[in-house]
Engineer: 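Pasting a structure here, questions to come.
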Protein chains: 2
Amino acid sequence: MTAKTTTGPTQAPAVPAGVARLDQQLCFALYSASGLMTKLYRPLLEPLGLTYPQYLAMLVIWEKAPRTVGELGEALGLDSATLTPLLKRIEAGGLVTRRRDAADERRVLVEPTAKGQALREQAKSVPAALACQLPLEPGELKSLHGTLTRFIGELRKAAAASPDGD
Amino acid sequence: MTAKTTTGPTQAPAVPAGVARLDQQLCFALYSASGLMTKLYRPLLEPLGLTYPQYLAMLVIWEKAPRTVGELGEALGLDSATLTPLLKRIEAGGLVTRRRDAADERRVLVEPTAKGQALREQAKSVPAALACQLPLEPGELKSLHGTLTRFIGELRKAAAASPDGD
DNA sequence: TACTAAATAATCGTGTACAATTTAAATGGA
DNA sequence: TCCATTTAAATTGTACACGATTATTTAGTA
């Protein structure tokens with residue numbers, strides 16, 4: 001059903017050939033898988049008082065702090081319009097502090113509080129708990145992850161190359 | 001607290017071992033890849049006046065109509081809280097109609113208008129245009145898609161089995 | 001020094017997402 | 001027939017997500 005010319009004189013079939021079926025689209029597969037994974041995380045993160053994007057932000061902050069908003073955005077692929085309110089929420093929850101960098105007043109430094117550090121201990125059990133629920137073989141997960149990582153690298157290059165459709 | 005006792009006499013390494021590094025997480029890879037793909041679609045969909053979720057909804061509607069809100073939600077993995085406003089927006093754009101099913105007044109039937117059908121022709125070029133920008137070999141894409149599809153099927157089962165953490 | 005350009009967050013407006021609740025309609029008994 | 005139960009959408013409240021703009025600060029340069 002691929003090599004059809006569809007330029008014949010007769011009425012073209014009113015067709016699945018033109019618009020790809022939803023379930024055949026890689027993009028939709030990524031979209032669905034991402035949403036389902038977020039749902040799997042939810043019950044694990046709820047006891048910690050974190051949403052999934054907040055958990056990702058905390059992972060980056062735990063890894064190295066203080067970090068600027070820009071650095072967090074780089075690591076997470078998010079911009080300040082998304083991060084600023086998210087960081088304000090976890091600040092309101094007492095997990096991080098935000099302060100202007102005295103050396104460069106344009107920057108805002110984000111750092112975990114004692115409570116934020118303590119949460120790290122609880123959070124350690126999350127990846128293992130989640131892994132138990134993943135339905136693929138470890139080898140397959142590894143392979144999937146590897147392919148995705150390469151894919152993401154290429155997509156980022158592509159996005160950087162034509163951010164504007166130039 | 002799976003294998004490591006962490007009660008050893010020496011200071012446990014202050015470590016990447018506990019909290020998985022962000023770039024090693026499959027879940028984050030899915031999250032990033034999904035976001036990047038949406039960005040790739042944006043410039044292709046903008047001329048059509050559609051966002052990416054709206055495009056997905058139109059794909060389902062083009063495939064078979066009329067469809068109820070519930071059927072669309074099933075196909076897309078979204079619930080009425082997300083779909084109702086989305087459908088109202090594309091209705092406001094003149095692409096679909098929404099009406100109560102006379103046979104069962106609880107249901108709402110969604111159907112493309114003539115304008116919505118016409119848009120389908122323009123939309124046909126989108127998948128090919130996008131495919132050109134994808135950075136992996138066709139074989140790899142196929143394999144990635146296959147793995148994801150299986151993964152999604154299993155995740156859905158898992159989500160259905162314990163929607164509640166029972 | 002004064003003045004432009006670049007960098008950095010924050011803000012604004014629109015559009016998803018989802019849990020929980022509400023409203024309305026259909027269904028299945030007593 | 002009447003009523004409890006179930007089903008289907010819509011609504012409410014909170015939280016992302018991003019394009020575009022704005023405000024502030026720093027850096028660069030004549």
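If you're wondering where the values come from, they're calculated on a predicted model, not measured in any experiment. Convention: sequence-line order gives letters A, B, ...; per-chain numbering from 1.
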Engineer: Rounded to the Å, how far apart are B:Asp101 CG and D:dT7 P?
Structural biologist: 17 Å

Engineer: Quick check: on DNA chain D, is the nucleotide nearest B:Glu46 upstream (toward 5') of the one nearest A:Thr51, or the reverse? Name the residue that is more 5'.
Structural biologist: A:Thr51

Engineer: Test salt bridge (charged side-chain N to carboxylate O under 4.0 Å, His left out) on B:Glu91 and B:Lys88 and set out the steps.
Structural biologist: CA-CA 5 Å; B:Glu91 182 186 36; B:Lys88 282 182 176 174; over 6 Å; no

Engineer: Working to the nearest 0.5 Å, report the span between NE2 of A:His145 and OG1 of B:Thr147.
Structural biologist: 14.0 Å

Engineer: Using the ring of each side chain (for Trp, its six-membered ring), is A:Tyr55 parallel, tilted or perpendicular to A:Tyr41, with breaks at 30° and 60°?
Structural biologist: tilted

Engineer: Can you see if the side chain of A:Arg89 gets near the phosphate of D:dC16 - specifically, an N or O under 4.0 Å from OP1 or OP2?
Structural biologist: yes

Engineer: Is B:Ser80 reaching over with its side chain to a backbone N or O of B:Leu83, donor-acceptor style, under 3.5 angstrom?
Structural biologist: no

Engineer: Could you tell me the separation between the CZ atom of B:Arg67 and the P atom of D:dA8, rounded to a whole number of Å?
Structural biologist: 15 Å

Engineer: Taking CG from A:Leu86 and P from D:dC18, how many angstroms apart are they, rounded to a whole number?
Structural biologist: 12 Å

Engineer: To the nearest Å, how far apart are B:Asp79 CG and D:dT11 P?
Structural biologist: 14 Å

Engineer: Would you mind reading off the distance between A:Leu36 atom CG and C:dC18 atom P, rounded to a whole angstrom?
Structural biologist: 9 Å

Engineer: Which of these passes side-chain hydrogen bond (donor to acceptor under 3.5 Å, both in side chains) with B:Glu111: B:Arg67, B:Gln117, B:Arg99?
Structural biologist: B:Arg99

Engineer: Over how many whole Å does the gap from B:Leu78 atom CG to D:dA9 atom P extend?
Structural biologist: 14 Å

Engineer: Of the listed nucleotides (C:dT16, D:dC16, C:dA25), which one gets closest to any side-chain atom of B:Glu105?
Structural biologist: C:dA25

Engineer: Can you tell me which residue among A:Leu76, A:Thr149, A:Ile152 is in a side-chain contact (heavy atoms from CB on, under 4.5 Å) with B:Phe28?
Structural biologist: A:Leu76

Engineer: Respond yes when some side-chain nitrogen or oxygen of B:Arg42 is under 4.0 Å from OP1 or OP2 of D:dG19, and no when none is.
Structural biologist: yes

Engineer: Would you say B:Val108 and B:Leu87 make side-chain contact, with heavy atoms under 4.5 Å?
Structural biologist: no

Engineer: Respond yes when some side-chain nitrogen or oxygen of B:Tyr52 is under 4.0 Å from OP1 or OP2 of D:dA17, and no when none is.
Structural biologist: no

Engineer: Just the rounded figure in Å: distance from P of D:dC16 to CG of A:Leu76.
Structural biologist: 12 Å

Engineer: Is there any protein nitrogen or oxygen under 3.5 Å from a nitrogen or oxygen in nucleotides 8-10 of chain C, and what are the pairs?
Structural biologist:
{"residue": "C:dT8", "atom": "OP1", "partner": "A:Arg107", "partner atom": "NH2", "Å": "3.4"}
{"residue": "C:dA9", "atom": "OP1", "partner": "A:Val69", "partner atom": "N", "Å": "3.4"}
{"residue": "C:dA9", "atom": "OP2", "partner": "A:Gly70", "partner atom": "N", "Å": "2.9"}
{"residue": "C:dA10", "atom": "OP1", "partner": "A:Arg98", "partner atom": "NH1", "Å": "2.9"}
{"residue": "C:dA10", "atom": "OP2", "partner": "A:Thr84", "partner atom": "OG1", "Å": "2.6"}
{"residue": "C:dA10", "atom": "N7", "partner": "A:Ser80", "partner atom": "OG", "Å": "2.8"}

Engineer: Between A:Thr82 and A:Gly35, which residue's closest nucleotide on DNA chain C lies nearer the 5′ terminus?
Structural biologist: A:Thr82

Engineer: It should be established whether B:Gln54 places a side-chain nitrogen or oxygen under 4.0 Å from OP1 or OP2 of nucleotide C:dG15.
Structural biologist: no

Engineer: Between C:dA17 and A:Thr38, is there an OP1 or OP2 to side-chain N/O distance shorter than 4.0 Å?
Structural biologist: no

Engineer: What is the distance, to the nearest angstrom, from the CG atom on A:Leu45 to the C1' atom on D:dT14?
Structural biologist: 16 Å

